[in-house]
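Chain letters run A, B, ... following the sequence lines, proteins first, then strands; residues in each count from 1. Quantities reported herein were computed from a predicted structural model and do not represent experimental measurements.
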Amino acid sequence: MPELPEVETIRRNLEANLLGKTIATLSESTHPRTLRYQVGGIDRLHRDVVGREISAVVRRGKFLWMEFSGIAQRPSGETENTEVPEPDSPPALCFHLGMSGQLRLVEGASPGLRHERLRFTLSDSQALAYCDQRTFGHVETRPLAPTADGYPAGAGTTRAFLPVGLEHIARDVLDPYLDLERVFAKFRSSRRAVKTKLLDQGIVSGIGNIYADEGLFASRIRPFTPAGDLSQREVSRLLEAVAEVMRHALEFGGTSFDKLYVNSWGNPGDFASELNVYGRAGKPCHHCGKPLDKIVIDGRSAVFCSHCEPTA
DNA sequence: AGATACCCCTGTTAGC
DNA sequence: TGCTAACAGGGGTATC
C-alpha cells in the first residue's frame, strides 16, 4: 500500500531512468477502471502522451505525475492539426497507485506482468508498465495550472504548476512549503480523532494508515484523541514525528507489508521490519512489552500502545 | 463547509 | 477439508 515513502521511492526510480526519454507507444489494452478519470478515454490518453519527451517526474503526497517538454515529437507520418496550436504546457500524465498500483520499468518486448493495465514503451526499448491488482489506482492526463501559493508543485520540480483537479490535495508532510498554520487551524477546529485528521489529504497529504499509526506512536499521542484537544506544540511534534518516520522509511526503500508494494525494479522495501505498531496488534510493544491495542476509528483500524501513548 | 456513509476491488485470512 | 464472510486500503461521491 504505497504511501509517501513508497511513492517517493518510485518517483526517484523513474526520475533517474525516464528523464529525457520519449514515450513511443501505448498499449491498446487496458482496464476500464484504470482510466475512469481520463477525459476522452484511451484515445485521448494516447494523443496526449505518445511522442512526448518526459521532462520531470513530480510527486505531491501520494500523487505522481510526469511533465512533458513543450514540443511533441510525433512519429513520421502523423501530422498535427495546425488549426489547434500546441498549448504552452502539455498535459501531465498523472498516476495514483491506490493500494496495489505499481509502476515497473521493464524491457519493452517483455511479456505482460500480472495485473498489467497499461504499458508505455519508450524511445530506448525500455517500457513503463502500470500494474494494479485491485484497481483502486488510476491513470489520466490532466492540464497543468499554476499553484495557488505560487510555490513549486511538489517533489521533483521547481515549476509551480499542478495538474487540474488535484488542487484539493494539500502539500505533504515533507514539503518545505506546507502551510503549517493552516494545518494547525484545521486540527484546532475539529473534534474528530487526530488519526482521522492525519489521514485527510486535504490538510496534509502523503499519510496513510501505516505512517499515521507509526507517527502517533513516535509522538506518544493516542489515535482517538480529538484533534482540537492537542496543543499546537503537540501537533507540531506529531507532524515532525511522521516526517521523521517517513525519512527513515525512505532510506529503507519503503514498506512492503503485504507484497503489494514494490519499487520500479520489482523489489520490495525493507521498512516492514522497523514498524513499531502497524500490523502488530496483540504483539508486545517494542518499548514497554505490553500487548498493543487495536481499535477502529472512523472505519480504519488503528494500532497503538496504551502505555506508551498516554496523551488522550 | 464539515461530518458521515458508502462504494469501488480482489487476495488473504478467519471462522464455521 | 471446504466453504463463506470479513478484512484491508485511498479517495471520490452523495447526502445531510
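Rounded to a whole Å, the CZ atom of Phe136(A) is 6 Å from the C1' atom of dG9(C). Taking atom CD of residue Glu140(A) and atom P of nucleotide dG11(C), one finds them 13 Å apart after rounding to whole Å. Regarding Leu260(A), its CG atom lies at a distance of 12 Å from the C1' atom of dC9(B), rounded to whole Å. The distance from atom CD of Gln201(A) to atom C1' of dG11(C) is 8 Å, rounded to the nearest whole Å. The distance between atom CD of Gln102(A) and atom C1' of dG11(B), rounded to the nearest whole Å, is 13 Å. Between Arg188(A) atom CZ and dG2(B) atom C1' the separation is 17 Å, expressed in whole Å. Put simply, CD1 on Ile207(A) is 15 Å from C1' on dG11(C), counting in whole angstrom units. Remark: C1' of dG2(B) and NE2 of His168(A) are 16 Å apart, rounded to the nearest angstrom.
Put simply, His115(A) has no side-chain N or O that comes within less than 4.0 Å of OP1 or OP2 on dC9(B). One finds a side-chain N or O of Lys294(A) lying less than 4.0 angstrom from the OP1 or OP2 phosphate oxygen of dA8(C). Contact annotation: His96(A) reaches the phosphate of dG11(C) (side-chain N/O to OP1 or OP2, under 4.0 Å). The side chain of Arg192(A) places an N or O atom within less than 4.0 Å of a non-bridging phosphate oxygen (OP1 or OP2) of dT4(B). OP1 or OP2 of dA8(C) has not a single side-chain nitrogen or oxygen of Tyr278(A) nearer than 4.0 Å. Residue Lys197(A) places at least one side-chain N or O under 4.0 Å from the OP1 or OP2 atom of dA3(B). A sub-4.0 Å separation between OP1 or OP2 of dG9(C) and a side-chain N or O of Lys62(A) is absent.
Of the candidate nucleotides dT10(B), dG10(C), dC9(B), dC9(B) has the atom nearest to the side chain of Arg33(A). The listed nucleotides are dG2(B), dG9(C), dA3(B); the one nearest the side chain of Arg134(A) is dG9(C). Relative to the side chain of Thr135(A), the nucleotides dG9(C), dG11(B), dC9(B) differ in distance, and dC9(B) lies closest. Listed candidates were dT13(C), dT4(B), dG9(C). Nearest to the side chain of Asn209(A) is dG9(C).
Side-chain contact check for Leu64(A) versus Leu97(A): every heavy-atom pair is 4.5 Å or farther apart.
A distance of 6.5 Å separates CG in Leu166(A) from NE2 in His168(A), rounded to the nearest 0.5 Å.
Using a 4.0 Å heavy-atom cutoff across all strands shown, Ser190(A) reaches sugar-phosphate atoms only and no base atom. Within the 4.0 angstrom heavy-atom criterion, only backbone atoms of the sugar-phosphate kind lie near Phe63(A); the bases stay farther away. At the heavy-atom level, Ser301(A) lies under 4.0 Å from the strands shown only through sugar-phosphate atoms.
For a distance-only test at 3.5 Å, the side chain of Arg300(A) qualifies as a donor-acceptor partner of the base of dG10(C).
Two rings, from Phe217(A) and Tyr278(A), have their centers 6.0 Å or more apart.
Within a 6.0 Å radius of OH in Tyr151(A), no more than 12 heavy atoms belonging to other residues, nucleotides or ligands are found.
Along DNA chain B, the nucleotide nearest to Arg36(A) and the one nearest to Gln133(A) differ in position, and the one closer to the 5' end is contacted by Arg36(A).
A salt bridge (Lys or Arg N to Asp or Glu O under 4.0 Å) with Glu67(A) holds for exactly one of Arg159(A), Arg52(A), Arg142(A), Arg59(A); it is Arg159(A). Tested against Asn209(A) for a side-chain hydrogen bond (donor to acceptor under 3.5 Å, both in side chains), the candidates Arg300(A), Glu3(A), Glu214(A), Lys195(A) yield a single pass: Lys195(A).
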